[in-house]
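Let me begin by presenting the structure, written as structure tokens, before commenting on it.
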There are 2 protein chains.
Amino acid sequence: MKLKLQFSPAGGTTCKVVPGPTLKRLPPYHRFLKEWQAMGRRTVSCTDIGARLALDPTQVRKDLESVGVAGKPRVGYVLENLIRDLERFLGWNNLNHAFLAGAGSMGSALLGNRKFEQCGLKIVAGFDVDPLKIGTKIHGTQILPAEKMKELAQRMRILIGILTVPATEAQAVADGMVAGGIRAIWNFAPVRLHVPEHVIVHDEDLYCSIAALSQKLFANLQMRPQATPAMARNISAAVPMR
Amino acid sequence: MKLKLQFSPAGGTTCKVVPGPTLKRLPPYHRFLKEWQAMGRRTVSCTDIGARLALDPTQVRKDLESVGVAGKPRVGYVLENLIRDLERFLGWNNLNHAFLAGAGSMGSALLGNRKFEQCGLKIVAGFDVDPLKIGTKIHGTQILPAEKMKELAQRMRILIGILTVPATEAQAVADGMVAGGIRAIWNFAPVRLHVPEHVIVHDEDLYCSIAALSQKLFANLQMRPQATPAMARNISAAVPMR
DNA sequence: TAGATTGTTAATCGATTAACAATC
DNA sequence: TAGATTGTTAATCGATTAACAATC
């Protein structure tokens, strides 16, 4: 197997870069493999994975290749090894500590999700400006005053920040995160953040999702009405037809 | 301007198809245009938009072309018209009614988001199996017993379902939605749903986001350490290097 | 052995970027 | 007019899909 290496400008370090689309398919693979394992299987083929996830088997093979695991012709992949390698690749073995800013309803929902830890993300503290929330615990995680975030992030060498504050506050809070040494921001606010280029932003824009969903729904209704005119009318003004 | 039309197999209807990546950029455009308008501007150019959102101006122009709006050379686009056309295209003028299944922390967070209505999505009812939640209102929306969902969806001709139940229940609840005539499911459960082909599923997989975020963070730390060895070690086992 | 499946290279497809003429 | 910006076509880039030899 050949590995593509990319030379990094900073030094002698090389670092394999996985295409974004591939990366997004890996967690579903992992989930399926766990199911498969629970069914008592010992090996799995790309055909198996592709069948369940509605993906081209060739694509699955390419994806696994870029993770760097090897299979055996005619047999497939050893399930146990594949799961282990995937988890290692995704960094799900060791926890990254994260701060969460904004303990509103979305922030609380994230604090309540214990499954994140299985994916290597541990929210170690929440921050808010609301005196009623400060000092309390939400789903077991301490809520601290927002003004302490920067200093604590520095001291604890936190690298990941989760941003669940209102859109109006997002940029200011993000600035604080950056000042505290945070290198990656998971942004739930519907705002394009300005950050230095050494900081990564991953936008979780639910409004974009709504747009995509209703657009696809509309196109789909066009093709297969199966609905009374009244139903179609409910949505038909959504997209201009030409 | 030429418009690409796609013939739909079902009948004489034509329906313009917008590439997915384009669609996801439209809500950010809209947001920026509103800001721009608040600043008192009357026109906007692709260069303006691209500069703020870190996008190639040509790409912005292509995107606007596929929405079907026209600008004027040397002037740009009339802001008011552009905003209006974007909203119309995205269907943000008229509301689509949606049901939400699973009034847990994530479900409640979505119920609490009043901004969704500005994007054409109105959650008209929530459903849950918990007797303590049934009959109450969460953020002003009534929570009803889960077993009523299917029939109500049919009667109210609901087309959109939001799925915020635990992974174990997701498929069963989705089946109920489909049986109730729902045509689009916004799925927050980390499961690949099986649905008939006339039903659309949009996955909101936070675990994939975590994977993408930590992977990008790791690659970034490789290139620009700027961190003490201890910091890097915190995360370095995450991805096998070769 | 036979045949399914991997590994790998080539072809296709779609989106982004570049180039440039048209135009206000 | 001059020059910025649109509209549009061509080139590039990257990801997906197809093809096929290698192999257990």
Side-chain angles (χ1 to χ4, degrees), chain A residues 1-6 16-26 28-29 33 36 41-79 81-82 85-86 208 212 215-216 219 242, chain B residues 1-6 16-26 28-29 33 36 41-79 81-82 85-86 208 212 215-216 219 242:
Chain A
M1 189 181 54
K2 223 188 303 177
L3 281 174
K4 277 172 215 140
L5 296 181
Q6 198 187 43
K16 191 149 55 77
V17 173
V18 175
T22 292
L23 194 51
K24 282 198 285 189
R25 285 188 291 265
L26 299 182
Y29 290 175
L33 296 175
W36 203 241
R41 302 304 201 93
R42 312 271 338 237
T43 62
V44 68
S45 77
C46 294
T47 319
D48 298 326
I49 301 176
R52 175 65 176 84
L53 300 179
L55 295 171
D56 188 314
T58 306
Q59 187 170 63
V60 177
R61 205 170 304 124
K62 266 263 163 85
D63 289 343
L64 295 184
E65 189 192 316
S66 64
V67 170
V69 298
K72 279 179 194 154
R74 166 88 184 150
V75 179
Y77 299 82
V78 176
L79 198 45
N81 298 349
L82 183 50
D85 289 347
L86 257 181
C208 290
Q215 193 76 35
K216 278 192 273 181
R242 289 149 199 288
Chain B
M1 188 181 51
K2 225 188 303 177
L3 282 174
K4 277 171 217 142
L5 297 181
Q6 199 185 42
K16 192 147 54 77
V17 173
V18 175
T22 292
L23 194 50
K24 283 199 284 187
R25 284 187 292 265
L26 299 183
Y29 290 175
L33 296 175
W36 203 240
R41 301 307 200 95
R42 313 272 338 238
T43 62
V44 69
S45 76
C46 294
T47 319
D48 299 327
I49 301 176
R52 175 64 176 82
L53 301 178
L55 296 171
D56 187 316
T58 306
Q59 187 170 62
V60 177
R61 205 169 306 124
K62 267 262 161 84
D63 288 343
L64 295 184
E65 190 192 315
S66 64
V67 170
V69 297
K72 281 180 193 152
R74 166 86 186 154
V75 179
Y77 299 82
V78 176
L79 197 45
N81 298 349
L82 183 51
D85 289 347
L86 258 182
C208 290
Q215 193 76 35
K216 279 192 274 181
R242 287 147 200 290

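What's counted below: heavy atoms across the whole structure, side chains too, no hydrogens, waters or symmetry copies.
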Any Y77(B) side-chain N or O less than 4.0 Å from OP1/OP2 of dC24(C)
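Result: no.
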On the nucleotide dT6(D), are OP1 or OP2 found under 4.0 Å from the side-chain N or O atoms that R61(B) carries?
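Indeed, a polar side-chain atom of R61(B) lies that close.
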Nearest heavy-atom pair of [X] and [Y]: which atoms, and what distance?
X	Y	answer
Y77(A)	C46(A)	CE1-SG, 3.6 Å
R41(B)	L79(B)	O-CD2, 3.2 Å
W36(B)	T43(B)	NE1-O, 3.1 Å
S66(A)	T22(A)	OG-CG2, 3.6 Å
D56(A)	T58(A)	OD1-N, 2.7 Å

Pairs: protein N or O with nucleotides 12-18 of chain D N or O, under 3.5 Å:
unit_1: dT16(D); atom_1: OP1; unit_2: R25(A); atom_2: NH1; d: 3.0
unit_1: dT16(D); atom_1: OP2; unit_2: R25(A); atom_2: NH2; d: 3.2
unit_1: dT16(D); atom_1: O5'; unit_2: Q59(A); atom_2: NE2; d: 2.8
unit_1: dT17(D); atom_1: O4; unit_2: K62(A); atom_2: NZ; d: 3.3

Report the distance from atom [atom1] of [X] to atom [atom2] of [N], rounded to the nearest whole Å.
X	N	atom1	atom2	result
E65(A)	dT6(C)	CD	P	12 Å
D48(A)	dT5(C)	CG	C1'	11 Å
R74(B)	dT1(D)	CZ	C1'	11 Å

Are L86(A) and L26(A) close enough that some pair of their side-chain heavy atoms sits under 4.5 Å apart?
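Yes; the side chains approach each other to less than 4.5 Å.
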Evaluate the side-chain proximity of V60(B) to T47(B): yes if any heavy-atom separation is below 4.5 Å, no if none is.
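Heavy-atom side-chain distance check fails, nothing below 4.5 Å.
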Intra- and inter-strand pairing of DNA chain C, written as dot-bracket with Watson-Crick and G-U pairs under 3.5 Å and | for the latter, reads ..||||||||||||||||||||||
Is the backbone of L82(A) close enough, under 3.5 Å, to the side chain of D85(A) for a donor and an acceptor to pair up by distance?
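Pair absent, no side-chain N/O of D85(A) close to backbone of L82(A).
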